Amino acid sequence: MSRPFRFGVSLIAPVTGEAWAATCRRAESLGYDVITVADHLGMPAPFPSLVAAAAATGRPRLGTFVLNTGFWNPALLAREVATTDALTGGRLELGLGTGYVAAEHETAGLPWGTPRERVDRLLRTVEELKVLLDPEGPLHRGTPWPGGKAPGSTAGGPRRVPLLIGANGDRMLRVAAEHADIVAFTGARTGRNGKLEPLTAAELDERVSAYRKASAAREEAAELNLLVQIVAVTDDRSAAVRPWLDRLPRLTEHEVLDLPVVLIGTLEQIVGRVLGLRERYGFSYVTVLEPNLEAFAPVVGALRGR
């Protein structure tokens, strides 16, 4: 049985406090379920931004999408998680990833490491957070991790902060299968030039199948998320996709339009595509980038509660 949809927007633009609050209120009024913040140099700092988002809104959950784990000392991160969850009224969802921009780590004076080292670092962080935010742990302030059942649960244990892990590679998918409440599929791989390259529909099929194999022993299925990169509600799909073709030279126009992270077409076509993402892959939680906040809103309205 399919999970009901949740829709998120990832805010990325540095703005004044007043403008930030206005954008968060707009996202809430448009029906978005989750407001998230990325973790890149030059973008808003995640935790203060989420506290500000909570002050401006009442309903949406608030998430890091996702933290570059290499930026964070686990003990200090545990303090940020506990404080932010308390200040947001228990609305926090913690998202972790390995990072994919080496230059940001160099600018910050932090080690980048090999892919194996970055996954090791993320796994250690998850394991240390479990200890640090345990109800009996040294930093517990009412926000235990893990423990209890669903977020907000008072039966069977204390409420906990849900963990989202962004994953694509085999080992990261295994880590997500073991530890994550929400698994975020990037819908892309890191190319040789260090930039993200989108996965085709068939390639994403294979990645989701790998995750399902790794998670077969789970007692409770995780929620699956996809970050959509391009949204355009239009009657002319060819014209709308044309500006993107130079950025994706290995793909034809038809192949770009078929990418899971691209939603271009009429409202009815896009609604059908989102329903298809859930049917084919299990993606019930769909996130769009801030520039697509307004364009995707009619889709949110059409699918809310389904």
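Just so it is clear, the model here is predicted, and its values are computed rather than measured. Only this structure's heavy atoms are used, side chains among them; waters, hydrogens and symmetry mates stay out.
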Above 12 or not: heavy atoms from other molecules or residues under 6.0 Å from CZ of R116?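 Count not over threshold, so no.
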
Whether over 12 other heavy atoms sit under 6.0 Å from N73 CG: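 Correct, the count exceeds 12.
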
Could you check whether the rings of H105 and F71 sit parallel, tilted or perpendicular, using 30° and 60° as the cut-offs?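 Rings of H105 and F71: tilted, as their planes differ by 30° to 60°.
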
Roughly how far, to the nearest 0.5 Å, is [atom2] of [Y] from [atom1] of [X]?
X	Y	atom1	atom2	result
L173	S209	CG	OG	10.5 Å
R189	L204	CZ	CG	10.5 Å
N68	R118	CG	CZ	10.0 Å
E127	L122	CD	CG	10.0 Å
L133	E128	CG	CD	11.5 Å
L129	L94	CG	CG	6.5 Å

Going by heavy atoms in the side chains, are [X] and [Y] under 4.5 Å from each other?
X	Y	answer
F5	V300	no
L164	V183	no
T84	V161	no
V126	L163	yes
V261	L226	yes
E290	S10	no
K130	H179	yes
L303	V274	yes

With a 4.0 Å cut-off, would you call [X] and [Y] a salt bridge?
X	Y	answer
E253	R237	no
E197	R247	no
R218	E178	no
R171	D120	yes
R242	D236	no
R61	D33	no

Passing candidate, side chain to side chain contact (heavy atoms under 4.5 Å, CB included) with L251, options D258, L245, V256, L257: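 The side chain to side chain contact (heavy atoms under 4.5 Å, CB included) with L251 is passed solely by V256 among D258, L245, V256, L257.
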
If a pair satisfies ring pair (Phe, Tyr, Trp, His ring centres under 6.0 Å) and one of its residues is in residues 242-281, list it, with sequence neighbours excluded.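 Qualifying pairs: Y281-F283.
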
Would you mind writing out the side-chain donor-acceptor pairs for residues 40-47 within the sub-3.5 Å range, not counting sequence neighbours?
residue, atom, partner, partner atom, Å
H40, ND1, E104, OE1, 3.1
H40, ND1, E104, OE2, 3.2

We want to know whether E255 and T200 form a side-chain donor-acceptor pair, criterion being a heavy-atom distance below 3.5 angstrom.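 Looking only at side-chain atoms, T200 and E255 do not form any donor-acceptor pair under 3.5 Å.
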
Within 45° of the axis and under 6.0 Å from the centre of the six-membered ring of Y285, does NZ or CZ of R3 qualify?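 No - R3 does not lie over the ring of Y285 by the 6.0 Å and 45° rule.
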
Same apolar cluster: L123 and V66, side chain cutoff 4.5 Å: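 In one cluster: no.
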
L277 with L199, same ILVMFWY side-chain cluster at under 4.5 Å: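 The answer is yes; both residues are in one hydrophobic cluster.
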
Residues clustering with Y100 (ILVMFWY side chains joined when closer than 4.5 Å, directly or via others):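 Joined to Y100, directly or through intermediates: V101, L196.
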
Quick one, N225 with T287, criterion side chain to side chain donor-acceptor pair (under 3.5 Å). Give me CA distance, side-chain angles, the key distance, then yes/no. CA-CA 7 Å; N225 168 274; T287 301; 3.0 Å; yes

